[in-house]
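Structure first, then comments.
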Amino acid sequence: MEEKILTGKKNGMLVMISVILVYLLAMAGCIVFGIIMGEKRPEMITALGWIILIASIVLMCIAWIPLLGLKVLKPQEALVLTLFGKYIGTIKEEGFYAVNPFCVSVNPASKTKLNQSGDVSTSPRQSILSYASGVQGISTSTNDNESKKISLKIMTLNNSRQKINDCLGNPIEIGIAVTWKIVDTAKAVFNVDNYKEFLSLQCDSALRNVVRLYPYDVAPNVDTTGDGMADEGSLRGSSEIVADRIRNEIQAGVKEAGIEVVEARITYLAYAPEIAAVMLQRQQASAIIDARKMIVDGAVGMVEMALERLNEKHTVELDEERKAAMVSNLLVVLCGNHDAQPVVNSGSLY
């Protein structure tokens, strides 16, 4: 389906004024005929007068039909028009248009309400109607013509959080925000049944396909790029790369729906509740081990430096047993969690 852009139909004001003039003329003809009949002068009514009366009545009955073809578009809006089931074109530019009154505007997703910027109700009355529509299937739109317009603005879709297993099998919860816009109205309306639901499903599928390739945190021997080499990619540390892959995956899925995905961003990322406490303990243990390792490395270096300085200046002669005792004492002092308690030794080691 190829999009056809309709131009040169900005004559809505002319049509409206013409219809008003036709109604005024028809009313004037009826008033003149009524005055003549009211004065009981039928001899003044000729065949032409009867023709004018009949024509005035007919015009008053059918002159309103062209008003059905009046369309008003604001910036970044579009109308997809069909005539007796055939696609005739799309109006995209803002203005006051007059089209065939028998044309029907089509937007299959007009009443679909997703958690996105273009579908969020702002007034209390709209919120109540939205609740009613969710329960009883009632449309929240107060103007059917408005509901058939397609927004060409950049909109944001916040999909609900999903529970997905990462590449290591750990369940995580993740949510994304996708900014998108319609670039081909014909594809969006006719290639898919409902482009909003189609986009939402593609977001869920792409998110699941990409997340399962990455670990939550950096893990050894994991290939996230597909090149056969282990790397340090992770959901937590490589969020920009993951978001770009998600965007590309979604774009590939919605291309046939005439939708362009502008950007995708991860809005929520955490371990699932059932393993969150265990993973927190694991992270704490890893942090403690790293800290202890750093403390021990520093303490060993300080002990080595102390022994070298004593040997260089010949401050004291230490045999191997005294060196071992000194190393032990220094390591206890430097690596302990509490302040060392001094002990005075009045004897000897032997």
Side-chain angles (χ1 to χ4, degrees), residues 161 163-176 210-247 264-350:
R161 298 174 186 173
K163 183 183 290 186
I164 307 173
N165 291 341
D166 65 1
C167 68
L168 301 179
N170 298 321
I172 63 171
E173 290 185 348
I174 185 171
I176 59 171
V210 174
V211 167
R212 65 181 180 83
L213 301 176
Y214 288 84
Y216 179 87
D217 211 342
V218 177
N221 301 323
V222 175
D223 176 23
T224 62
T225 59
D227 59 357
M229 300 292 292
D231 52 69
E232 295 184 353
S234 66
L235 297 174
R236 191 167 67 93
S238 308
S239 58
E240 293 290 334
I241 298 175
V242 175
D244 287 340
R245 292 188 68 172
I246 294 174
R247 191 201 74 82
R265 283 289 178 265
I266 296 175
T267 57
Y268 182 84
L269 179 64
Y271 281 113
E274 57 267 25
I275 67 166
V278 177
M279 289 301 178
L280 179 60
Q281 293 178 357
R282 178 182 176 183
Q283 292 177 354
Q284 291 175 343
S286 177
I288 292 173
I289 292 173
D290 291 340
R292 289 292 183 183
K293 182 179 179 181
M294 185 179 297
I295 291 173
V296 171
D297 290 341
V300 171
M302 294 173 67
V303 171
E304 291 177 350
M305 181 183 66
L307 293 175
E308 290 177 359
R309 295 288 295 275
L310 289 174
N311 290 331
E312 289 176 0
K313 295 186 177 182
H314 303 286
T315 304
V316 62
E317 296 293 336
L318 299 175
D319 57 11
E320 296 300 324
E321 187 174 356
R322 285 189 171 88
K323 287 183 181 180
M326 180 179 176
V327 170
S328 176
N329 293 334
L330 287 175
L331 288 177
V332 170
V333 171
L334 296 173
C335 298
N337 290 328
H338 304 285
D339 294 337
Q341 299 295 328
V343 176
V344 178
N345 185 10
S346 60
S348 65
L349 294 177
Y350 304 102

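By convention here, the first residue in the shown sequence is residue 1.
Taking both residues in full, the closest heavy atoms of A264 and A243 are given as O-CB, 3.2 Å, listed atom of the first, atom of the second, then distance. Residue N170 comes nearest to Y271 through the heavy atom pair CB-CE2, 4.2 Å, listed as atom of the first residue, atom of the second, then distance. Taking all atoms of both residues into account, the shortest heavy-atom contact from V222 to P215 is CG1-CD, 3.9 Å.
Note that CG of L269 is 10.0 Å distant from CD of E173, once rounded to the nearest 0.5 Å. Rounded to the nearest 0.5 Å, atoms CZ (R245) and OG1 (T225) are 7.5 Å apart.
Between the S234 side chain and the G237 main chain, a donor and an acceptor come within less than 3.5 Å of each other. Using a distance-only test at 3.5 Å, with no hydrogens or angles considered, a donor-acceptor pair links the side chain of D231 to the main chain of T224.
For the side chain to side chain contact (heavy atoms under 4.5 Å, CB included) with V211, the lone residue among I266, I176, L235, N165 that qualifies is L235.
Within the 4.5 Å cutoff, the side chain of Y216 has heavy atoms near those of the I172 side chain.
The neighbour count for L213 CG, taken as heavy atoms of other residues, nucleotides or ligands under 6.0 Å away, is above 12.
Applying the salt bridge (charged side-chain N to carboxylate O under 4.0 Å, His left out) rule to pairs touching residues 232-242 yields D217-R236, E240-R265, sequence neighbours excluded.
Residues that satisfy the side-chain contact (heavy atoms from CB on, under 4.5 Å) test with E304, not counting sequence neighbours, are V300.
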